[in-house]
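Worksheet: one structure, shown below.
It should be emphasised that the depicted structure is a prediction, and the values quoted were computed from it without experimental measurement. All chains are named by letter (A, B, ...) in the order of the sequence lines, taking the proteins before the strands, and each is independently numbered beginning at 1.
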Amino acid sequence: MWRMDQSFPRKEKLKSKKRIEQVFTEGSSVSKYPLKLVYLPFEFQEDTKVQVAVSVPKRRFKRAVDRNRVKRLMRESWRLQKASWLPEMKQPHALLFIYIGKELPTLKKLQKAMDVAMHKFLQKQA
RNA sequence: CGGGCAGGUCACCCUAUCGUUCCGAAGUUAUUUCGGGAAGGAAAGUCCGGACACCACAGCGCAGCAUAGCGGUUAACAGCCGUCCGUUGAAAAACGAGGACAAGUGCAACAGAAAGAAUGUACAGGUCAUGCUGUAGUGAAAUCAGGUAAACUCUAUGCGGUGAAACGCCAUGUAAACCGGUGCUUGAGGAUUGCGCGUCCGAUGCCGGAGGGUAGGCGGCUAGAUCUUAUCAGUAAUGGUAAGGCCAGAUAAAUGAUAGGGACCCCGCGAGGGGCACAGAAUCCGGCUUAUGACCUGCAUUUUUU
RNA sequence: GGGUCAUUAACUCAGUUGGUUUAGAGUGUCACCUUGACAGGGUGGAAGUCACCGGUUCGAAUCCAGUAUGACCCA
């Protein structure tokens, strides 16, 4: 039985400050409340197809506990669903998910929103 | 019983699946497998005190800041312990920047004769005589070595500065270019202290203008005033000795997500439903302060009821 | 991670250093007057827990301490 890849290794994390800055200034974006996806085509040194980062503004969530919670849920949501999106991506991208909602989400809601956002993005790139 | 006061403990648990990070071992130089570790009592505020790093291991004077009964404790402190005094409370207890106005200067609204200058009213007492004495009256304070120092100040004690964006190393890149000023041993400027001194560095130098480049990685980074237990000294804070243990090191930032079951609490006759605080390491320790759920122990007992 | 500062009427600010009677100004707002009506002008009024919470003091916006919110700085 073939098993879906649900890992989220280091090389798929967008970590470089410089790259993140570049995605913010040069990238395009699609929105699906409560998420916003900023993306930019990118050539990576390794054979990775994608690098992902998540972000939660301090303005919306004052306490660090809540920010951590939202970020963890977003990472989880990506990890569980990425296998269905990656084959459709034609070229490597840097992706940046920003949470723009005001309230703590549940994993299910977040997964739905992320799915819609990713489909929007995949259609646009075509 | 209720409410009150003090002290202490814990911070829901278990299983399954998927995932993150660090360390070790094996295999290999893509990476994989196995084993082990992975938030707090406040990790918070950054209010104190240290360790550590650099500046000359850091010097002298002034300025500045902090502390303030007495004694003890500590690496150190504004903390903690004991104790005296004062205030609050019925009590248990709690709180206190609690040195000096018998060195100098300043300040005191309204009321009041008068607020530091000097004296005045009524009554009584007293005297040769007089605000000489007492009471009344105003006020927080009225002749008293007056009050006030969270007023300046004085006294005693302590404090060098800057902080992990410290600091060390590697990589990348440009412009040792241009314009103006200043200076070269009779010294510009600098050496992270506000000012002065001293000491040291100092000429491809320094200041200004306009403009250009890099802001990537590694170390620092976790074993320590360490934790647990026993015991000894001490009223206690705390310290000594012995045995055992290793207990987060991330960097757009790991420590998680989901499902099921079980505790506990609340609502309901019931089926069942809901809740389970405050909150997330960022060099590390000792305190303080603030946020906050539950439980346990002890103390005092106003009022009411039996 | 480390530091510096601010908070006074609906809004923008004085006053705070150095304590005391009554916390002021402009804009806005409300009422009245002027006009046939509006604008403008004139007159008068309301609006403040001096961010919150304690302490010192006879007395605190002001001094001291704590809390909250907001802003700014650094290699």
- Among the nucleotides B/G280, B/A252, B/G19, whichever has the atom closest to the side chain of A/R72 is B/G280

- Message: Could you tell me how far C/U17 sits from C/A9 if I compare only their C1' atoms? Round to whole Å.
- Response: 25 Å

- Task: Name the closest nucleotide to the A/R75 side chain, picking from B/U20, B/G280, B/A253.
- Result: B/A253

- For atom NZ of A/K71 and atom C1' of B/A253, their distance in whole Å: 7 Å

- Separation between the C1' atoms of B/A111 and B/U87, rounded to whole Å: 29 Å

- Please measure how far the P atom in B/A75 lies from the corresponding atom in B/U241, and state the result in whole Å. 13 Å

- Using a 90° cut-off around 0 for syn, call B/G41 syn or anti. syn

- Message: Could you check whether A/K13 makes a cation-pi contact with A/F8, meaning its NZ or CZ is under 6.0 Å from the centre of the six-membered ring and within 45° of the ring axis?
- Response: yes

- Please lay out, stage by stage, how A/L110 and A/E76 fare under the test side-chain contact (heavy atoms from CB on, under 4.5 Å). CA-CA 10 Å; A/L110 209 53; A/E76 198 69 5; over 6 Å; no

- Query: With a non-hydrogen cut-off below 4.0 angstrom, is A/E76 in contact with a base, only sugar-phosphate, or nothing?
  - Reply: base

- Note on the structure: From NZ of A/K58 across to C1' of B/G280 the rounded distance in Å is 13 Å

- Report the nucleotide, chosen from B/A250, B/G280, B/A252, that has the shortest atom-to-atom distance to any side-chain atom of A/V65. B/G280

- Mind checking A/E12 for me? I need base, sugar-phosphate or nothing, with any heavy atom below 4.0 Å counting as a touch. nothing

- Message: Taking syn as a glycosidic torsion within 90° of 0 and anything else as anti, which one is B/U148?
- Response: anti

- Query: Does A/K11 put a side-chain nitrogen or oxygen below 4.0 Å from OP1 or OP2 of B/U31?
  - Reply: no

- Paired to B/A100 by Watson-Crick or G-U wobble criteria (both distances under 3.5 Å) is B/U153

- Would you mind pulling out the nucleotide paired to B/A117, Watson-Crick or G-U wobble, both distances under 3.5 Å? none

- Task: Taking A/R60 for its side chain and A/K102 for its backbone only, find out whether a donor-acceptor pair lies under 3.5 Å.
- Result: no

- How long is the line joining CE of A/M74 and P of B/A254, in whole Å? 13 Å

- Query: A/R10 side chain: which of B/A252, B/G19, B/U21 is closest?
  - Reply: B/U21

- Query: Does the pair A/L37 and A/L95 meet the rule for a side-chain contact (heavy atoms from CB on, under 4.5 Å), with working shown?
  - Reply: CA-CA 7 Å; A/L37 169 60; A/L95 303 180; 4.0 Å; yes

- Message: So, does A/R79 get its side chain near the phosphate of B/G256, meaning an N or O under 4.0 Å from OP1 or OP2?
- Response: no

- Query: Which part of the nucleic acid, if any, lies within contact of A/S7, taking any heavy atom under 4.0 Å across all strands shown: a base, the sugar-phosphate backbone alone, or nothing?
  - Reply: sugar-phosphate

- Assert: residue with more 5' nearest nucleotide on RNA chain B, out of A/L80 and A/E21, is A/L80

- Message: Work out how far the C1' atom of B/A113 is from that of B/G137, and round it to whole angstrom.
- Response: 11 Å

- Considering only heavy side-chain atoms of A/N68, the closest of B/U258, B/G280, B/C18 is B/G280

- Item | A/V116-A/Y39 co-clustered via ILVMFWY side chain contacts under 4.5 Å | no

- With syn defined as a glycosidic angle within 90 degrees of 0 and anti as anything else, the base of B/A39 is syn

- Task: Hunt down the Watson-Crick or G-U wobble partner of B/C206, both distances under 3.5 Å, from any strand shown, or write none.
- Result: B/G181

- Is B/C247 in the syn range, within 90° of 0, or in the anti range? syn

- C/U35 and C/U20, which share atom name P, separated by this distance in whole Å: 49 Å

- Note on the structure: Under a 3.5 Å limit on both distances, the Watson-Crick or wobble mate of B/U222 is none

- Query: What's the closest nucleotide to the A/R63 side chain, out of B/A252, B/A257, B/A279?
  - Reply: B/A279

- Please give, in whole Å, the distance from C/A68 C1' to A/K62 NZ? 11 Å

- Searching all strands shown, indicate the nucleotide that pairs with C/C58 (Watson-Crick or G-U wobble; both distances under 3.5 Å). none

- Between P of C/U69 and CZ of A/R59, the distance in whole Å: 14 Å

- Message: Tell me which nucleotide, if any, is Watson-Crick or G-U wobble paired with B/U15 when both distances must be under 3.5 Å.
- Response: B/A259

- Paired to B/A108 by Watson-Crick or G-U wobble criteria (both distances under 3.5 Å) is none

- Query: For A/K82, which contact category applies under a 4.0 Å heavy-atom criterion: base, sugar-phosphate, or nothing?
  - Reply: nothing

- Query: Expressed in angstrom and rounded to an integer, what is the separation of A/K112 atom NZ from B/U258 atom C1'?
  - Reply: 17 Å

- Query: Between B/U9 and B/A279, how far is it from one P atom to the other, in whole Å?
  - Reply: 23 Å

- Taking only side-chain nitrogens and oxygens of A/K13, does any of them come within less than 4.0 Å of OP1 or OP2 of B/G19? no

- Message: Using only atom types and a distance under 3.5 Å, with no angle test, would you say the side chain of A/K49 pairs donor to acceptor with the backbone of A/L86?
- Response: yes

- Message: For the P atoms, the ones on B/G24 and on B/G219, what distance do you get once it is rounded to whole angstrom?
- Response: 13 Å

- Query: Roughly how many Å is it from CG in A/D5 to P in B/U32, rounded to a whole number?
  - Reply: 10 Å

- Task: Can you measure from NZ (A/K112) to OG (A/S77) and round to the nearest 0.5 angstrom?
- Result: 12.5 Å

- Task: Give one of base, sugar-phosphate or nothing for A/L14, where a contact means two heavy atoms less than 4.0 Å apart.
- Result: sugar-phosphate

- Do A/L104 and A/Y99 belong to the same hydrophobic cluster, where Ile, Leu, Val, Met, Phe, Trp and Tyr are linked whenever their side-chain heavy atoms lie under 4.5 Å apart, directly or via other members? yes

- Query: Does atom CD of A/E103 have more than 12 heavy-atom neighbours, drawn from other residues, nucleotides or ligands, at distances under 6.0 Å?
  - Reply: no

- Message: Say we look at B/G45 and C/A68: how far apart would their C1' atoms be, to the nearest angstrom?
- Response: 11 Å

- Does B/A117 adopt a syn or an anti glycosidic conformation, taking syn as a chi angle within 90° of 0? syn

- Message: Distance check needed: B/U258 P versus A/W78 CH2, whole Å only.
- Response: 20 Å

- Query: Where the side chain of A/L107 is concerned, which of B/U21, B/C18, B/U258 is the nearest nucleotide?
  - Reply: B/U258

- Item | Base paired to B/U241 (Watson-Crick or G-U; both N/O distances under 3.5 angstrom) | B/A230

- Item | Selected nucleotide, minimal atom distance to A/A64 side chain, candidates B/G280, B/A252, B/U20 | B/G280

